[in-house]
Each structure stands twice: as structure tokens, then as C-alpha cells.
Protein chains: 2
Amino acid sequence: MELSTSEKILDVAQSLVVAGGYNGFSYADISEAIGIRKASIHHHFPTKAALVSVLVGRYVRQAQEGLKSLRDHVPDPVDQLDAYLAYWQKCVIDSSEPFCVCAMLASEMQMLPDEVARQVRLHFQSLAEWLASVLKSGEEQGAFQLDVSPGEEAQILVASVHGALLSARALGDAKLFLAILGPQVARLRA
Amino acid sequence: MELSTSEKILDVAQSLVVAGGYNGFSYADISEAIGIRKASIHHHFPTKAALVSVLVGRYVRQAQEGLKSLRDHVPDPVDQLDAYLAYWQKCVIDSSEPFCVCAMLASEMQMLPDEVARQVRLHFQSLAEWLASVLKSGEEQGAFQLDVSPGEEAQILVASVHGALLSARALGDAKLFLAILGPQVARLRA
DNA sequence: CGATGCCTACCTATTAGTAGGAAGACAACA
DNA sequence: TGTTGTCTTCCTACTAATAGGTAGGCATCG
């Protein structure tokens, strides 16, 4: 089935945000990409702030669903963590989405519309919570051995993932992502 | 002594880049901040690309000088690493420069002028090299115990530092930086 | 003198956003 | 059945503000 126009707009806008952030794209860019007039985009999303807010909302929801289904369908916490990292590794390798929308926006935090900033903050929190719960389960099963609390270890992982995405992008070296995260998860293993 | 106009321009532009990236500021912003006309800025820096290139060049040079003098004046590799992290911790805590210029620009890599992208890439490389040499010295002295090679461990640290800066910014929590980096350097200690 | 620093005044392209209309889909209804 | 009326989608055409950048003039200083 064909994608609806508003979904096409969101898809294009998302890849533009990933590429250049909130100030790195315009309605004209989207217009050109999907063959529609600028005014038609305003019909679907009255302001840029509203567009990005819907976009981030969708992204956060999809991420939460993905992480939740990972916890539900993959039994082993070690495999859950591996699957999460494999997702990003794939994104980086095939350049389909070589950066996290919320990480991108977090770097521009100070100039984001309030609502978007709030959403980004919540995403960082819920991601850390998910990782903390995975690490805690793994620790209880004796599969992980943590130096600090699951919550603190989760914050380290969140930072490592985003930092590794950034390094890979900066150096144009997709393999760098796993080179950084590999040792980081290896040391968690009991 | 008074700062020269071009240094004032660079200072303001740098804090604007840190806040919002390459596309997050304009000549008008600088003009307003230092009380000078837009055209006068063009007199000092003919194009925005040239301005940012000079700005990044200055930043990279200062960083290299700082790191070099740290290696020269601080004997212990462990103290060298601590001093490097203390520098960023201070920047984050007092909000003087809560993010790395090159990390900010790295996130926008795909839309940067070629010359600036090159400079950012080089900064990431030289930072990793410095950290690798510090880690190697520390390992040889028995002060560090590394799981992987100094080079790989350095890439992990670069990613951790930038990721921690990003998390601290995203959550608006300055203490998060050290909460992430503390355990990371602790595990390196023999 | 010439170079430097800063100015006024201007330019063109692009920005986000608006007003109002045409075309089609889809009911409700006589 | 045809005929409304409304809703959605997209359009042309426009706006005011801002973007980066240019031309040329006026002081000042070595």
C-alpha cells in the first residue's frame, strides 16, 4: 500500500533531521523531495515546530514499541542488549539512518521548541530505563556483572551508543561503532 | 587588554555554534551580540564557511596546545586523564562551554563545508591519538590495565566523553557527565 | 599616501507562514 | 437517480522577515 502524504512528509523530514538537525532543513527541501508544494505541507503540519514534534513523537513511540517487543520476544537479557546494538550497527553500516533523531536534536537542545525538547528528554530517560531493566535482569541471572548500579551502567551505555554513533559519523567509519561498543558490552559479561 | 574585533567575532560565533551548530546562527546574531554591523563581520570573514573554518582551526589548535602542555607538565598519565576530564566537567558545571565545538559540528557532518568537515575529522583523530598515548604510557607504567589496545580504548573514551556531554545536555543534568565518566576511568585503573 | 576598520545602503535567495480557490470524495437526502 | 453540502487535499499566489553577501564611502592611523 501507498504511504499517505503526511507519512511521506514525516519520513523525509526525519531523514533530513538526522542529516542536519532542526535548523538543517526547510519546508522547501521536503517539498522538493516528495513533489508537493510548500503550502500543502503546511496543510498537514501548520508549523515547523508542530511537524518536528509529531515526527519525534512517532520516533519515540516506535522506539519504545521496538524495545518493548525485544524484551517480550527475546528471553535472554544478553541477547536483548546484543539485538539493540545490532539494530544501530545495521543502521550505521547501510546508512539507512546513521544517527538517532533524538541524539541529533539533543545537541541542539538550547534552541529547540519547548515541546520538542521535552520529548527528547523523555526519550533519553526511557531509553536509560529500558537498558537499566535489561542490565538488572541480566545481573540477577548472573549473565552480567556490573561495576555500578544498573541505572548508572545504563547511563554509561546510552552515552557510549550516542558517542559511538557520533565518532562513526565524524570519521566516516561505520565499523567504528562496533569497535567501540563491542568491548563495552564484553566487560559487562560475567 | 581589549580583545580585537575579529577575536570577539570568533568568541561569539563559537558559543553560538556550541549552542546551535552551523545552521543555528547567523551574521545578524553575531552583529547584535557585539554591537557591530553585519557588513563589518564580512570585512573580517568574507563568508560564513570561512568564519567557521577559522573558528574551528583556532579551537583545534588551542585544544592541541592544551593537551600537549598537559602531557608536558603533568607527569602521571592517570593525572593527565583526570585533568582532561576535569576540564570538561568544569565546562559543563559552569555552563561556560557545555559542549565540544567539534562534537557539535560532527553531528552535522553531512552538510558542513568540506574544509570544516576535514578539520572536524582531524580533531577527532588527534584527540584519539592523544588519549591513546596517555593510555599507553599509563599501561607501561602499570597504572592502567587495558582490556583492548590503547588505540581502541582511546576511541571508547572519545565516544564516552562526547556521549556524556550529550546526555548531560539532553537531561539538563551537569552531574551526569562525571557519573558516566567516573566509572569508565575507574575500570581502567590497575 | 595607502591600508585598515567600520559604516550605510543595497541585493538576491530563502525562510516560515497565509489567503483563498479548484477538484475530488463521500455522505445525506429528495 | 441526481443533487446537494461538506470535508479533505492540494494548488497558485502572496507576505514579511531573515539569510548570506556586495558596493562604495568615510574616518583614522602608520
Side-chain angles (χ1 to χ4, degrees), chain A residues 1-58 104-105 108 110-117 119, chain B residues 1-58 104-105 108 110-117 119:
Chain A
M1 173 203 152
E2 279 271 312
L3 288 168
S4 74
T5 300
S6 52
E7 276 167 339
K8 278 192 229 168
I9 293 171
L10 290 171
D11 286 348
V12 169
Q14 178 162 325
S15 62
L16 289 170
V17 166
V18 167
Y22 188 87
N23 293 309
F25 77 101
S26 72
Y27 272 42
D29 295 327
I30 302 172
S31 160
E32 202 178 329
I34 66 177
I36 201 179
R37 300 285 131 171
K38 274 195 318 168
S40 307
I41 305 174
H42 279 284
H43 168 73
H44 294 278
F45 305 98
T47 66
K48 192 179 183 181
L51 165 58
V52 174
S53 180
V54 172
L55 182 166
V56 175
R58 191 185 68 148
M104 189 73 212
L105 292 172
E108 304 176 288
Q110 302 176 352
M111 6 183 64
L112 252 34
D114 287 351
E115 170 62 15
V116 176
Q119 292 172 299
Chain B
M1 172 205 152
E2 280 273 311
L3 288 167
S4 73
T5 300
S6 53
E7 276 167 341
K8 279 193 227 166
I9 293 171
L10 290 172
D11 286 348
V12 169
Q14 178 162 325
S15 63
L16 289 170
V17 166
V18 167
Y22 187 87
N23 292 309
F25 77 101
S26 72
Y27 271 42
D29 295 327
I30 302 172
S31 158
E32 203 177 329
I34 65 178
I36 201 180
R37 300 286 133 170
K38 273 195 318 167
S40 307
I41 305 174
H42 281 284
H43 168 73
H44 293 278
F45 305 99
T47 66
K48 190 178 183 182
L51 165 57
V52 174
S53 180
V54 171
L55 181 168
V56 175
R58 190 184 69 148
M104 190 72 210
L105 292 172
E108 304 176 289
Q110 302 177 354
M111 8 182 63
L112 253 34
D114 287 352
E115 170 62 15
V116 176
Q119 292 172 299

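In what follows, chains carry the letters A, B, and so on, assigned in the order in which the sequence lines appear, proteins first and then strands, with residues in each chain numbered from 1.
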Task: Separation between CG of B:L55 and CZ of B:F45, rounded to the nearest 0.5 Å - done: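 That separation rounds to 8.0 Å.
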
Taking only N/O atoms, report every protein-nucleotides 15-19 of chain D pair under 3.5 Å with atom names and distance.
from, atom 1, to, atom 2, distance (Å)
D:dA19, OP1, B:S26, OG, 3.0
D:dA19, OP2, B:S26, OG, 3.4

Task: Length of the CZ-P vector between A:R37 and C:dA22, whole Å - done: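 So the two atoms are 18 Å apart, to the nearest Å.
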
Task: Reported CG-to-CZ distance for the pair B:L10 and B:R58, which is rounded to 0.5 angstrom - done: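 Atom-to-atom, B:L10:CG and B:R58:CZ are 4.5 Å apart.
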
Task: Closest heavy-atom pair and its distance - A:K48, A:F25 - done: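 Smallest heavy-atom distance, with atoms named: NZ-O, 2.8 Å.
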
Task: Interatomic spacing from CG in A:D114 to OG in A:S53 - rounded to 0.5 Å - done: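 Reported value, rounded in 0.5 Å steps: 11.0 Å.
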
Task: Short side-chain N/O contact from A:H43 to OP1 or OP2 of D:dT9, under 4.0 Å - done: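 Checking D:dT9 against A:H43, a side-chain N or O does come within under 4.0 Å of OP1 or OP2.
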
Open item on the list: Just N and O in the side chain of B:S40: are any of them under 4.0 Å from OP1 or OP2 of C:dG5?
Closed with: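 False: B:S40 side-chain N/O out of range (4.0 Å or more) of C:dG5 OP1/OP2.
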
Open item on the list: Side chain of A:T47 only, heavy atoms from C-beta on: which candidate in C:dC7, C:dA19, C:dG17 is closest?
Closed with: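 Of C:dC7, C:dA19, C:dG17, C:dG17 is nearest to the side chain of A:T47.
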
Open item on the list: Measure CD1/B:I41 against P/C:dG5 and give the value in whole Å, please.
Closed with: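 Between P of C:dG5 and CD1 of B:I41: 14 Å.
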
Open item on the list: Would you compute the distance between atom CG of A:L3 and atom CD1 of A:I34 and round it to the nearest 0.5 angstrom?
Closed with: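 These two atoms lie 10.5 Å from each other.
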
Task: More than 12 heavy atoms from other groups under 6.0 Å of CD on B:E32 - done: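 Atom CD in B:E32 is not packed in, count stays at 12 or less.
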
- [ ] Find the distance B:F45:CZ to C:dG5:C1' and express it as a whole number of Å.
- [x]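 Answer to the nearest Å: 13 Å.
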
Open item on the list: What is the separation between atom OH on B:Y22 and atom P on D:dG20, rounded to the nearest whole Å?
Closed with: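 Interatomic distance, OH of B:Y22 to P of D:dG20: 8 Å.
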
Task: Short side-chain N/O contact to C:dG5 OP1/OP2 from B:T5, under 4.0 Å - done: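 So the side chain of B:T5 is outside the cut-off, no N or O lying under 4.0 Å from OP1 or OP2 of C:dG5.
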
Open item on the list: So, OP1 or OP2 of D:dT8: does either fall under 4.0 Å of a side-chain N or O from A:H44?
Closed with: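 No, no such contact exists.
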
Open item on the list: I need the CD1-C1' distance between A:I36 and D:dT12, as an integer number of Å.
Closed with: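 Value for this atom pair: 14 Å.
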
Open item on the list: What's the closest nucleotide to the side chain of B:H42 if the choices are D:dG21, C:dG17, C:dA19?
Closed with: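 So the side chain of B:H42 is nearest to D:dG21.
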
Open item on the list: If I take atom CD1 from residue A:I30 and atom NE2 from residue A:H44, how far apart are they, to the nearest 0.5 angstrom?
Closed with: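 Answer for the CD1-NE2 pair, A:I30 versus A:H44, is 11.5 Å.
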
